[in-house]
Amino acid sequence: MNLDLFDGLPDVEMREEPLGPGAMVLRGSARLEETALVSAIEDVARAAPFRHMITPGGFRMSVAMTNCGPLGWVSDKTGYRYAAIDPVSGLPWPMMPESFLKLAVGAAANAGFPGYTPDACLINRYEPGAKLSLHQDRDEQDYGKPIVSVSLGLPAVFLFGGLKRSDKLVRVQLVHGDVVVWGGPARLRYHGVQPLKEGHHPLIGGYRINLTFRKAG
Ligand code: MD3
Ligand code: FE
């Protein structure tokens with residue numbers, strides 16, 4: 001019988017795993033701040049509710065999204081872009097919570113990117129079945145700046161490809177508290193997320209939430 005008294009990771013420990021040139025996983029590094037992060041996400045979502053954006057091709061995205069910080073990523077029938085105003089509320093996006101900024105800046109520094117100043121945080125919420133098709137992040141001004149992602153809640157299988165869509169994919173499981181820094185030669189690699197499996201997470205419930213920090217402008 002497995003009583004699951006030890007899940008392989010000490011309670012508030014973290015581990016660095018290189019995922020390839022420029023890509024570093026900081027396993028569990030958001031676990032210390034998890035309650036502050038969750039209450040900050042709730043605050044953001046109260047002012048700027050999660051919504052399913054429409055792709056330029058006219059499809060409703062299965063991932064629900066909102067943003068905080070000076071710039072927010074938006075998609076509609078006219079295209080993808082960063083915008084200072086939330087098109088749903090007509091107001092600026094909520095401020096980036098201090099706890100978010102501290103985590104992202106610290107993770108970037110740990111991965112070799114000191115002086116990181118993200119101005120956009122996209123919050124992706126996955127329900128069971130939700131996925132993100134293979135894509136590149138190309139809507140930012142400076143590909144020299146890294147992207148920091150924080151995974152919370154249910155685990156997901158992340159697909160990490162190459163610089164061409166047809167390059168082979170590596171599957172990486174990302175779990176609650178994992179932080180990944182994607183910079184340098186990893187910055188323009190294709191990536192995606194496989195359909196989320198059903199489950200229950202004690203803090204987040206039946207969802208996966210991903211915070212994606214970028215220097216967009
Ligand atoms: C690898 N989000 O919002 S974050 C996205 O888990 C996005 O919600 C995923 O891809 C998610 O655009 C993945 C990790 C990520 C972000 C940007 C990358 C991985 C990346 C850019 C280059 C390579
Ligand atoms: Fe992406």
Side-chain angles (χ1 to χ4, degrees), residues 17-27 29-30 37 41 50-53 55-56 61-69 71-75 79-83 93 100 103-104 107-108 111 113 116 118-165 167-197 201 204 207-216:
E17 287 174 23
L19 211 92
M24 177 72 81
V25 189
L26 311 168
R27 289 284 181 199
S29 79
L37 295 174
I41 292 165
F50 284 101
R51 78 290 306 262
H52 294 270
M53 296 186 193
T55 67
M61 296 185 77
S62 60
V63 178
M65 299 176 169
T66 186
N67 292 277
C68 60
L71 292 172
W73 186 86
V74 295
S75 178
Y80 308 126
R81 64 194 170 277
Y82 283 93
W93 298 102
F100 281 27
L103 179 60
F113 298 94
Y116 184 54
D119 57 11
C121 176
L122 173 65
I123 308 178
N124 291 331
R125 188 185 69 190
Y126 295 74
E127 58 186 36
K131 65 176 174 70
L132 209 56
S133 304
L134 206 62
H135 67 279
Q136 293 173 298
D137 287 21
R138 315 191 56 133
D139 302 324
E140 301 74 29
Q141 300 283 349
D142 181 0
Y143 303 144
K145 300 287 192 293
I147 291 177
V148 175
S149 85
V150 178
S151 293
L152 297 169
L154 293 177
V157 178
F158 180 78
L159 301 170
F160 195 34
L163 295 176
K164 291 187 310 227
R165 183 177 285 281
D167 287 343
K168 85 167 161 43
L169 302 175
V170 172
R171 281 164 175 73
V172 189
Q173 166 121 284
L174 292 178
V175 306
H176 180 77
D178 287 350
V179 178
V180 193
V181 181
W182 322 82
R187 178 63 181 78
L188 285 175
R189 284 173 68 168
Y190 277 88
H191 58 278
V193 178
Q194 284 191 350
L196 193 79
K197 287 195 182 150
H201 185 276
I204 308 288
Y207 297 100
R208 169 177 188 257
I209 293 178
N210 185 268
L211 311 177
T212 304
F213 295 91
R214 302 185 175 92
K215 175 85 180 82

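Worth saying up front: this structure is predicted, and the values here are computed from it rather than measured. Just follow the structure's listing: the first ligand is 1, and inside any ligand the first atom is 1. Side chains included, hydrogens not; waters and symmetry mates left out as well; all remaining heavy atoms used.
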Query raised in the report: Angle subtended at the Fe ion (ligand 2) by NE2 of His191 and NE2 of His135, to 10 degrees?
Result: 90°
Report task. Kindly give the atom name of the N, O or S atom of Asp137 closest to the Fe ion (ligand 2). Result ->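 So the atom name we want here is OD1.
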Query raised in the report: Taking non-hydrogen atoms only, is Arg138 closer than 4.0 angstrom to ligand 1 via side chain, backbone, both or neither?
Result: neither
Report summary line: At under 4.0 Å between heavy atoms, what of Arg125 touches ligand 1? The answer is neither
Query raised in the report: How many angstroms lie between CE in Met61 and OG1 in Thr55, if you round to the nearest 0.5 Å?
Result: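 So the CE of Met61 and the OG1 of Thr55 are separated by 7.5 Å.
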Query raised in the report: Rounded to the nearest 0.5 Å, how far does CZ of Phe213 lie from CZ of Phe100?
Result: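 It comes to 5.5 Å.
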With heavy-atom distances below 4.0 Å as the criterion, list the atoms of ligand 1 near [X].
X      : result
Leu122 : 3 (O)
Arg189 : 22 (C), 23 (C)
Ile147 : 16 (C), 17 (C), 21 (C)
Ser149 : 4 (S), 14 (C)
Ala186 : 22 (C), 23 (C)
Val193 : 6 (O), 9 (C), 11 (C)
Phe158 : 13 (C), 14 (C), 19 (C)
Leu132 : 2 (N), 5 (C), 7 (C), 9 (C), 10 (O)

Requested in this report: For a side chain to side chain contact (heavy atoms under 4.5 Å, CB included) with Ser29, tell me which candidate from Val150, Asp178, Val179 qualifies.
Outcome: Val179
Any side-chain heavy atom of [X] within less than 4.5 Å of one from [Y]?
X      : Y      : value
Lys131 : Ser62  : yes
Gln173 : Gln194 : no
Phe50  : Ile41  : yes

Least distance between heavy atoms, [X] atom then [Y] atom:
X      : Y      : answer
Tyr143 : Asp137 : CE2-O, 4.1 Å
Val148 : Ala104 : CG2-O, 3.9 Å
Asp119 : Ala216 : OD1-N, 2.7 Å

**Report entry** Aromatic ring proximity, centroids under 6.0 angstrom, Trp182 and Phe158
**Finding:** yes
Query raised in the report: Is Arg27 salt-bridged to Glu17, going by a charged N under 4.0 Å from an acidic O?
Result: yes
Query - Of the listed options Trp182, Trp73, Tyr80, closest to atom 15 (C) of ligand 1 (non-hydrogen atoms) - result: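 The residue whose heavy atom sits nearest atom 15 (C) of ligand 1 is Trp182.
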Query - ligand 1 to Arg187 polar contact by distance, N or O atoms, under 3.5 Å - result: no
Students should be able to answer this: which protein heavy-atom is nearest to [atom], and at what distance?
atom                    : answer
atom 18 (C) of ligand 1 : His191 CE1, 3.3 Å
atom 3 (O) of ligand 1  : Asn124 ND2, 3.0 Å
atom 8 (O) of ligand 1  : Tyr126 OH, 2.6 Å
atom 17 (C) of ligand 1 : Asp137 OD2, 3.3 Å
atom 12 (O) of ligand 1 : Arg214 NH2, 2.9 Å

With a cutoff of 4.0 Å, is [X] in contact with ligand 1, counting heavy atoms of the residue only?
X      : value
His135 : yes
Val180 : no
Arg208 : yes

Query raised in the report: Taking atom types as modelled, is there a side-chain donor on Gln141 or Tyr82 under 3.5 Å from an acceptor on the other?
Result: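 Absent: no donor and acceptor within the cut-off.
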Query raised in the report: Side chains of Trp73 and Asn67: do they bring a donor and an acceptor to under 3.5 Å?
Result: no
